Amino acid sequence: MRRFEGKNVFVTGAGSGFGRRTAQRFAEEGAKHLYLVDYNQDRLEATAPSIEEYGAVAHQIPYDLGDLDNCKQAIARALEVDPRLDVMVANAAAWVDARFIDLSTEDWRRIMTVNLDAYFVLAREAARAMKGTGGGAILFTSSIVALGHGRGFTAYCVSKAGLVSLAKAIAVECADYGIRANCVSPGPADTQQSVDLVGEELMDKWRKEGFPVVPANRLADDIDIAEAFLFLASDAAKYISGVNLVVDGALTAQTYDVPES
């Protein structure tokens, strides 16, 4: 399919994981300009060829989105190429493993800046551009932890819950401009972030033996999440706005099993 022929797409966290695969899929389906944002220049350089092989133009934007001025500048750089922005996928995230009583104010503020404040600034700047060109789709990577909590990740969980609310706000406030806003909430996934958290050895075990915490008995692949983003950005979802699409192999549908002993 070529659902995004000639479209301009902006993706943060594009150097790896969900962001990289999502950008590649937009390129495969005909996107013209792919604006790739990541703090890691090496990852961007590795990603760009996989975008350009499909005929898209890969624009590397090596910015740290923990600086909110960089968020504004990243959108501005895209608009210098073409004033039309069709899709904005905000996906970059930060986390820290610390129990609530040990969480520092500095870590709390850093996580909120990258995971929530930056999304607000990116979405606001994207919406201002989209308003003048007939609309577009704003998409966020949230998480199933927006629906509950995982011990040791207070700031991450709260920031992801905030994104679900932010998407609803944008959906309502910007509907008159033809702008839609939605979230995708992945469950446990096979990403670089997961490797950083638990290590390659344990991740490889889960890849080979399954992940029984999830009813589907596997971790999400990056393509599972990329396809959710492409659907929400497509015309097939033109009446869908303000939703949080959970992609978790039925994990949050499950309550509990009766213990056998």
Side-chain angles (χ1 to χ4, degrees), residues 1-14 17-37 56 75 78 84-93 115-116 119-120 122-127 129-131 133-147 160-187 189 191 220-253:
M1 293 188 291
R2 303 281 288 186
R3 292 176 290 181
F4 303 98
E5 194 73 49
K7 301 292 187 180
N8 299 327
V9 181
F10 182 101
V11 182
T12 75
F18 302 149
R20 178 175 182 165
R21 192 69 185 99
T22 299
Q24 290 169 339
R25 285 291 293 116
F26 275 113
E28 288 175 29
E29 292 213 19
K32 180 180 180 181
H33 293 287
L34 263 297
Y35 306 106
L36 310 175
V37 184
I75 295 290
R84 194 186 81 250
L85 184 60
D86 299 294
V87 181
M88 195 279 287
V89 181
N91 165 74
N115 292 5
L116 187 56
Y119 281 59
F120 159 70
L122 289 165
R124 184 192 64 196
E125 298 303 304
M130 290 173 179
K131 177 184 176 183
T133 56
I138 292 173
L139 302 171
F140 298 150
T141 301
S142 183
S143 169
I144 60 167
V145 300
L147 308 175
K160 293 298 186 177
L163 289 178
V164 175
S165 182
L166 179 59
K168 292 178 184 293
I170 297 166
V172 173
E173 296 258 352
C174 297
D176 286 348
Y177 313 135
I179 297 170
R180 297 184 296 108
N182 294 294
C183 286
V184 173
S185 278
T191 64
D221 291 326
D222 54 11
I223 191 63
D224 296 319
I225 309 308
E227 292 300 338
F229 277 126
L230 265 71
F231 164 68
L232 289 173
S234 74
D235 286 343
K238 62 185 177 182
Y239 200 59
I240 299 175
S241 194
V243 307
N244 178 32
L245 178 57
V246 175
V247 185
D248 70 348
L251 177 56
T252 55

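Since the structure is predicted, the reported quantities are computational estimates derived from the model, not experimental observations. Note that these values count all heavy atoms, side chains included, but never hydrogens, waters or copies made by symmetry.
- Between R3 and E29 there is a salt bridge, since at least one side-chain N of the basic residue sits less than 4.0 Å from a carboxylate O of the acidic one.
- One distance of note links CG of L122 with CD1 of I138; it measures 9.5 Å at 0.5 Å rounding.
- Separating the CZ atom in F140 from the CG atom in N115 is a distance of 12.0 Å, to the nearest 0.5 Å.
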With side-chain contact (heavy atoms from CB on, under 4.5 Å) as the criterion, how do M88 and M130 come out once you've worked through the C-alpha distance, each side chain's angles and the decisive distance to 0.1 Å?
CA-CA 10 Å; M88 195 279 287; M130 290 173 179; 4.3 Å; yes

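- Listed here is the closest heavy atom pair of A92 and T12: N-OG1, 3.0 Å.
- The shortest side-chain heavy-atom distance between V87 and L139 falls under the 4.5 Å cut-off.
- The closest side-chain heavy-atom distance from K32 to K7 is not below 4.5 Å.
- Between I225 and A220, the shortest heavy-atom contact is CD1-CB, 4.4 Å.
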Take R21 and E28 through the salt bridge (charged side-chain N to carboxylate O under 4.0 Å, His left out) test and state the conclusion after the steps.
CA-CA 10 Å; R21 192 69 185 99; E28 288 175 29; 3.2 Å; yes

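- The two residues L36 and A23 have their closest heavy-atom pair at CD2-CB, 3.7 Å.
- Closest non-hydrogen pair, A226 versus T22, comes out as CA-OG1, 3.4 Å.
- Across every non-hydrogen atom of S185 and N244, the tightest pair is OG-OD1, 2.7 Å.
- For F231, the CZ atom is densely surrounded, since the number of other residues' heavy atoms within 6.0 Å is greater than 12.
- Here the side chain of K160 pairs a donor or acceptor atom with the backbone of T141 at under 3.5 angstrom.
- In this structure, N182 and L245 have side chains that are not in contact, with every pair of non-hydrogen atoms separated by 4.5 Å or more.
- Note: R20 CZ to N91 CG = 13.5 Å, rounded to the nearest 0.5 Å.
- Shortest non-hydrogen contact noted between F18 and D222 is CD2-CA, 3.9 Å.
- Distance CZ/R124 to SG/C174: 12.0 Å, rounded to 0.5 Å.
- Of the inter-residue distances, the one linking F4 atom CZ with L34 atom CG reads 11.0 Å to the nearest 0.5 angstrom.
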Passes side-chain contact (heavy atoms from CB on, under 4.5 Å), L251 versus I144? Steps please.
CA-CA 9 Å; L251 177 56; I144 60 167; 3.4 Å; yes

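- Judged by distance alone, with hydrogens and angles left aside, the side-chain atoms of D221 form no donor-acceptor pair with the main-chain N or O of I223 at under 3.5 Å.
- Looking at R180, its side chain does come within 3.5 Å of a backbone N or O of I240 through a donor-acceptor pair.
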Please assess L232 against V184 for the test side-chain contact (heavy atoms from CB on, under 4.5 Å), listing each intermediate value before the final yes or no.
CA-CA 9 Å; L232 289 173; V184 173; 3.6 Å; yes

Would F26 and L230 satisfy side-chain contact (heavy atoms from CB on, under 4.5 Å), going step by step from the backbone distance to the final call?
CA-CA 7 Å; F26 275 113; L230 265 71; 3.7 Å; yes

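- Using a 30° and 60° split on the angle between ring planes, F10 and Y35 fall in the tilted class, from 30° to 60°.
- One finds the OG atom of S142 at 8.5 Å from the OH atom of Y119 (value rounded to the nearest 0.5 Å).
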